[in-house]
Amino acid sequence: MRILITGGSGLIGGELVKGLVGDGHEVIVLSRRASVGGLSAGARAEEWDPETVGDWGALLPGSAVVHLAGESIADGWWTEEKKRRIRHSRVRSTEVLVEAAQRFGKPAVFLQGSAVGFYGGDRGEEELDEASAPGSDFLAEVCQAWEGASQPLEADGVRRPLLRTGVVLASDGGALPQMALPFRLFAGGPVGTGRQWMPWIHLRDEVRAIRFLLEHPTASGPFVLAAPEPVRNEDLARALGRVLRRPSFVPAPAFALRLSLAEKAILALGGQRARPQALLDLGFEFLFPSLEAALRDLLG
């Protein structure tokens, strides 16, 4: 299978590329640069401009597309310009892929990146799944616009799984090393009240779920990519303390985070009690349904 991937040098994309190449697929990473550092041997990069359709569009017909590209929400301050880039990088790049498909020909399947932020930054105790209503804050608006930008493909008969990913836990990137650092320094504990929910997923399960949806002939529509056991922040703190053999009772006050991060503090103080019901209904089995087992695998 020929598979085109945007965001192929990121945390998720890099691991996905490595696994697909290892299984003999033709993997092409669409990148702003003709060469991508650290790209897995066997994959190749194709230069693209996520603002305009180019000759790369000739690769689309009959291919599988995994669209993961987008400006990081974790890096930097959420200034108005940063928020504009977060939204534009996701929506415009998706629109360009749709325009290319309309000009050159349809892909066989289009996996659309998204996030549990679709439900809003903080849904409290509400139990959420793929049928739940969207939120109304910045993150929710971005995810709705991002998903909506690829809707014309589905209207044209292309299978389109939507990847509403939770917090991806990995040993060498993403949020986990930052979460673990205070614990390693004997200063770890819950954030704010600690009662907020965190939908999380081990990187290996994230990649396995993407491949499962890529290959499943009937998988379409929204899928929560998070472990079946969401946890509260205080549960995460206790589990990190046990795995790292460190105390886990030093709280990070909510007011301090709001002062330092402003609107972006919702990433730490909010959360969603989201479960992967659609994924489970299709028969997907998680390697790491339990948080502590996942942390031991990644940190132990």
Determine, for [X] against [Y], whether the closest basic-nitrogen to carboxylate-oxygen distance falls under 4.0 angstrom.
X	Y	answer
Arg273	Glu126	no
Glu263	Lys83	yes
Asp235	Arg238	yes

Quick check for you: to the nearest 0.5 Å, what is the distance between [X] atom [atom1] and [Y] atom [atom2]?
X	Y	atom1	atom2	answer
Leu169	Asp205	CG	CG	10.5 Å
Asp156	Gln151	CG	CD	10.5 Å
Leu291	Arg296	CG	CZ	10.5 Å

Do His67 and Ser93 meet the criterion of a side-chain donor-acceptor pair at a distance under 3.5 Å?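 Yes, side-chain donor-acceptor contact under 3.5 Å.
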Does a side chain donor of either Glu125 or Trp197 reach within less than 3.5 Å of an acceptor in the other side chain?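 Short answer, yes.
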Cation over ring face, Arg160 and Phe110, 6.0 Å, 45°: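 No, Arg160 does not lie over the aromatic ring of Phe110.
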Row check, Phe183 ring normal vs Arg246 NZ/CZ: under 6.0 Å, within 45°: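 Judged by the rule (NZ or CZ under 6.0 Å from the ring centre, within 45° of its axis), Arg246 is not positioned above Phe183.
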Mark yes or no for whether Gln112, through its side chain, and Leu162, through its backbone, hold a donor-acceptor pair below 3.5 Å.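 Such a contact is absent between Gln112 side chain and Leu162 backbone.
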Is a side-chain N or O of Gln272 found less than 3.5 angstrom from the main chain of Gly120, in a donor-acceptor match? yes
Any chance CD of Glu215 has more than 12 other-residue heavy atoms, nucleotides or ligands included, within less than 6.0 Å?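 Yes.
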If you count heavy atoms of other groups shown closer than 6.0 angstrom to CG of Asp49, is the number above 12? yes
Which word best sums up how the rings of Phe212 and His216 line up, parallel for under 30°, tilted for 30 to 60°, or perpendicular for over 60°?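 Aromatic pair Phe212/His216 classed tilted.
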Quick one: are Leu163 and Ser114 in side-chain contact, heavy atoms under 4.5 Å? no
